[in-house]
J.: 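Before I ask anything, let me first share the structure, which is written out below as structure tokens.
Every heavy atom of this structure was used, including side-chain atoms; hydrogens, water molecules and symmetry mates were not. Position 1 is the first residue of the sequence; numbering continues from there.
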Amino acid sequence: MADSIKVEYHPNSRRPAEVFAFEDFSRSRAAAPDPPIDQVPWSPFLSRIDFEFAELALDAALSGKQIDAFISLIHRAVKGEDLSFKNHKDVAKSWSRASGKVTRFTKHVIKAKYKNETRDYDLYIRDLWDYIKDILRDSYLMSQMDWDAYRLYRFDGPSAQWVRFLDEPFTADATWGIQSNLEDHQKPFVLILYADKTKLSSFGTQMGYPVVVRCGNLPVDIRNGEGPGGGRVVGWLPIVAEEASEKHKVGFVNLKRIVWHESFRKLLESICNHTHTGVWFECGDSVERCICPCVAILSADYEEQCMMSLIRGSGGLFPCPICLVPSSELSSFEEEFAKRKGEEVREIVNSALSASTLREREAILSKTSLRPVENAFLELANSDPYAALSFDRLHAFHSGLWGHHFWQEFKRLAQDLPKEALTRIDQQFDAIPRWKGLIHFSEVMSSSFNDGSKHEAISKACSELLCTIRPYLELDMYAGLELHTEWSMEDGRFNWNFPKAHTHAHLFDDIQAKGVSRNYNTKPNEKLHRPLKRTYHLRTNQRNVAPQILDVDHQCYVAGHMRDQIDRYDAFLRALKEKEEEDGQDAPEDPEDADPGSLDKAVGDRHFSLGAKQRKRTVEMFLSIHLGDQAFHDFAKRLGRTLTLEYKAHNIPLPDGQSIKFTSDSFITEYRLLRINYASLVDWREETDLLRCNPMFYGRPRYDCIIISGAKYDYCGRIITLFTCSVNDTLQPMALIHPYDRRPGPVSKLDADLGFYRVYERARTRSEFISLKSVIRGALLVPDFSRKGEYLVHDLVDADMFFRIKEMKGIQ
């Protein structure tokens, strides 16, 4: 029963609950290659080589002149398969013929009245229902989609209870509630919408306003990826140009909101009726479903959230788009304030719009800081924008609290320090060891960054510099978890009392309702700005750029769709070929006929493996390389003693019943790479650490650290060398490590306040041999620059390390 997984489906699904053994539970849906949708998936291009040439030219952003030169060279050099293109016009014609494979952009004009005149604004959108049908027709995507809300539980043995956990939107409460509002035969199609202005030109004179949609029914790795089923630009909103004479005027501010919501009303028009009634559609898996689209998640920064919610922003009496916290109470850490609700907002706005005077209208709206504009989202069913608005980790934390506040304040205060002190800060940043997934900085004090990922990395490196940011860093760690349990959310709702606390006041409510934060983080959406900016610089004449950018974006969408079809076609042909070979092939009778590569097995097992193999040496030759290093004293004798104890501890018979001994003529093989696979404490998925033990790795020595499972407790150590040796023809993978211990006695108040896990290095002569089977995972140790020989275990490199060190501290 322990560690079993229970899946409880929504009652409307009429599916019974299921219980799985932990090792049998999986939500990955590996589909066999489907029969190709089209035997000629590169059509309407005349040949596959035509498509692949056009695809390359598109990806490289080649101009017409460059395409012509490229084609000319190919025709002069190529033999065999002919390229039909004669010039760039032929390429453009082929893209035009292929454009109908997926939903195109169309232009619309939004009309808005201002000061007795009607103004026109250009809007570009893909028909949203047609785009949804693009997804529904895809057989592979259909095989990966959730259609019923469900709740997940893991049985905890020590407490003998089922503990709920959640990650995807369909495991959380909002989708469960949406399905409760539908008829049994109706299925929710969850839309995640993002919108934000972006600078296209370097100085911001040219702006774009993309709208991106993602499908919440798909797993996050597909939904936030770049392939089929990933985010797609479905709209390009008009930007109301600033006018000096109208600046800060209430009417002009309201005009911008009217244009925005009229644009979104047009974008949502094709799904509006379907959200209320549903629509039957035969999907790519040949199953007919009644599809009910809904906007369950809105992903945006604060400025855009104010536009979506139609509140007055930071200057209003109630500046939160989600709740009615007064501006004077933003630092209140305990009181909960009433949430905004779509129906209540609709009534307030309708009442205000029907008021007889502007003063009466203002009196009604100011009570909740609303604008006199009808919200487009409120016309949809199951799409309350105030419930859909979500915490944005990128702008609230990495680019917000940290990037614009903590870090800027630190740099401002540091400017009063002597130049030598600033240099020392940069040197200490550079001295932090490199680690997978953690950006390394050689200097920071004279650099500026707009990238939220870089700000996140700097904040983690600064955890020992600023005591005030430790609560922020711990909360950011909880905010970034890729799976939450009831218990982790309870821990995360701790009273995080630090400035600007209201930025995260609704974080854990959002996780409960919509799953973990990467479901609504703006980071993957802002990543889509880059190709739009690249297109602006390389493929437009920088005048009337929207249609030019969107033409290229559509070509990229078509190319991605066709590439996916071609890849599936190739996979289908490979599967047929492999089956034919299997049916007609007998197993080799003689070992000599076997593939020689299959006999060369890697050193290791499922938990670990060794790489970067060096040549075999005698112990004497090996030790000659390390003369003077006290860690290698009595190498052969201590190695034999360690393995003898290891054999006895595991009841393994000793060779001839004698202690294991090595001599100077014994052979060992050194390795410089250790791969450790371990189950994450957060989501129980397998993770891998690549650990180096190399005297010269990219120009500098690198000896990574590890956490070792000891007889009494887990401890840290630095790898000195990795090697294998033989005992009676049995290969033994070993490591010589430099152990690090915790000092006896109580933890200092400073370390406790800052959350440090401090260790100190033993004397070099007290090095140890360990079996690689005892390695738990890698660890990043940062030197305490004020105390020689002492190190701080960096527990913020990832969520697993955070909780693992928390356990090692004895904190439950």
Side-chain angles (χ1 to χ4, degrees), residues 102-110 121-132 134-135 189-200 206-216 223-224 226 229-240 256-272 275 293-310 375-380 383 385 388-390 392 394-395 519-533 535-536 545-554 556-557:
V102 291
T103 305
R104 300 181 177 94
F105 280 101
T106 54
K107 179 182 176 180
H108 302 267
V109 176
I110 300 299
Y121 299 93
D122 292 342
L123 166 70
Y124 297 85
I125 60 171
R126 299 186 199 273
D127 184 287
L128 195 51
W129 174 240
D130 283 347
Y131 174 70
I132 291 173
D134 288 349
I135 295 175
F189 189 96
V190 172
L191 296 172
I192 302 171
L193 284 175
Y194 161 89
D196 195 15
K197 291 191 288 288
T198 184
K199 294 179 180 178
L200 298 174
Q206 281 278 11
M207 301 285 288
Y209 210 151
V211 179
V212 175
V213 69
R214 298 180 189 269
C215 172
R223 182 175 69 245
N224 285 358
E226 298 179 1
R232 180 62 53 197
V233 176
V234 293
W236 193 271
L237 303 181
I239 298 175
V240 179
K256 295 178 183 179
R257 273 85 186 146
I258 292 170
V259 171
W260 194 98
H261 277 267
E262 286 301 317
S263 299
F264 250 84
R265 190 168 279 107
K266 188 65 180 178
L267 173 65
L268 300 171
E269 183 179 63
S270 64
I271 67 167
C272 186
T275 67
C294 59
V295 178
I297 295 175
L298 291 172
S299 171
D301 62 15
Y302 176 73
E303 180 183 357
E304 202 66 25
Q305 287 192 11
C306 293
M307 185 72 80
M308 292 172 170
S309 61
L310 287 169
N375 196 305
F377 295 106
L378 294 178
E379 297 178 10
L380 308 179
S383 304
L389 288 168
S390 307
D392 175 29
L394 173 64
H395 291 97
N519 295 333
Y520 33 86
N521 195 344
T522 58
K523 189 174 183 178
N525 296 313
E526 297 215 344
K527 189 177 179 181
L528 294 180
H529 291 183
R530 297 174 191 170
L532 300 176
K533 293 178 182 180
T535 299
Y536 168 78
V545 298
Q548 299 174 68
I549 291 173
L550 296 178
D551 280 348
V552 174
D553 181 80
H554 185 66
C556 291
Y557 182 21

J.: Is the backbone N or O of Tyr520 less than 3.5 Å from a side-chain atom of Ser390, with the two atoms forming a donor-acceptor pair by type?
T.: no
J.: Write down the atom of Pro210, the atom of Asp196, and the distance for their closest heavy-atom approach.
T.: CD-O, 3.2 Å
J.: Between atom NZ of Lys533 and atom CD1 of Ile549, what is the distance when rounded to the nearest 0.5 Å?
T.: 11.0 Å
J.: Have His395 and Glu304 got a donor and an acceptor in their side chains that come within less than 3.5 Å?
T.: no
J.: Just how far is it from atom CG of Leu237 to atom CE of Met307, taken to the nearest 0.5 Å?
T.: 9.0 Å
J.: How far does CG of Leu532 sit from OH of Tyr209, to the nearest 0.5 angstrom?
T.: 14.5 Å
J.: Examine distances only and state if a side-chain atom of Asp134 and a backbone atom of Val102 form a donor-acceptor pair shorter than 3.5 Å.
T.: no
J.: Centre of Tyr557's six-membered ring, under 6.0 Å away, within 45 degrees of the axis: is that where NZ or CZ of Arg232 sits?
T.: yes
J.: Any non-hydrogen side-chain atom of Leu268 less than 4.5 Å from a side-chain atom of Thr275?
T.: no
J.: Hey, what do you get for CG (Leu550) to CZ (Phe105), rounding to the nearest 0.5 Å?
T.: 4.5 Å
J.: Would you name the heavy atoms of Ser270 and Trp129 that are closest together and state the gap between them?
T.: OG-N, 3.0 Å
J.: For a quick test of reading the model, state the closest non-hydrogen atom pair linking Leu380 to Cys272 and the distance between them.
T.: CD2-CA, 3.7 Å
J.: Roughly how far, to the nearest 0.5 Å, is CE of Met308 from OH of Tyr194?
T.: 9.0 Å
J.: Start with the C-alpha gap between Cys294 and Val190, add the side-chain angles, then the distance that decides, and say whether side-chain contact (heavy atoms from CB on, under 4.5 Å) holds.
T.: CA-CA 5 Å; Cys294 59; Val190 172; 4.2 Å; yes
J.: Does Arg223 offer a backbone N or O that forms a donor-acceptor pair with the side chain of Arg214 under 3.5 Å?
T.: yes
J.: Please check if any side-chain donor atom of Asp127 sits under 3.5 Å from a side-chain acceptor atom of Thr103, or the reverse.
T.: no
J.: Which of parallel (below 30°), tilted (30 to 60°) and perpendicular (above 60°) describes Phe377 and His261?
T.: perpendicular
J.: Which atoms form the tightest heavy-atom contact between Pro238 and Tyr121, and what is the distance?
T.: CB-CB, 3.6 Å
J.: Taking all non-hydrogen atoms of both residues, which atom of Ser263 and which atom of Leu123 are closest, and how far apart?
T.: O-CD2, 3.7 Å
J.: Got a second to check how far Asp122's CG is from Trp236's CH2, nearest 0.5 Å?
T.: 13.0 Å
J.: Please report the closest heavy-atom contact between Val211 and Leu267, naming both atoms and the distance.
T.: CG1-CD2, 3.9 Å
J.: Can you find a pair of side-chain heavy atoms, one from Leu298 and one from Gln305, that are under 4.5 Å apart?
T.: no
J.: Is Arg104 reaching over with its side chain to a backbone N or O of His554, donor-acceptor style, under 3.5 angstrom?
T.: no
J.: Before you tell me yes or no, could you show the steps for Asn521 and Asp392 under side-chain contact (heavy atoms from CB on, under 4.5 Å), namely the whole-Å CA-CA distance, both residues' side-chain angles and the distance that decides it to 0.1 Å?
T.: CA-CA 5 Å; Asn521 195 344; Asp392 175 29; 3.2 Å; yes
J.: Tell me, do Leu193 and Val212 make a side-chain contact under 4.5 Å, heavy atoms counted?
T.: no
J.: Take Ile132 and Leu191, measure what side-chain contact (heavy atoms from CB on, under 4.5 Å) needs, and give me the verdict at the end.
T.: CA-CA 9 Å; Ile132 291 173; Leu191 296 172; 4.2 Å; yes
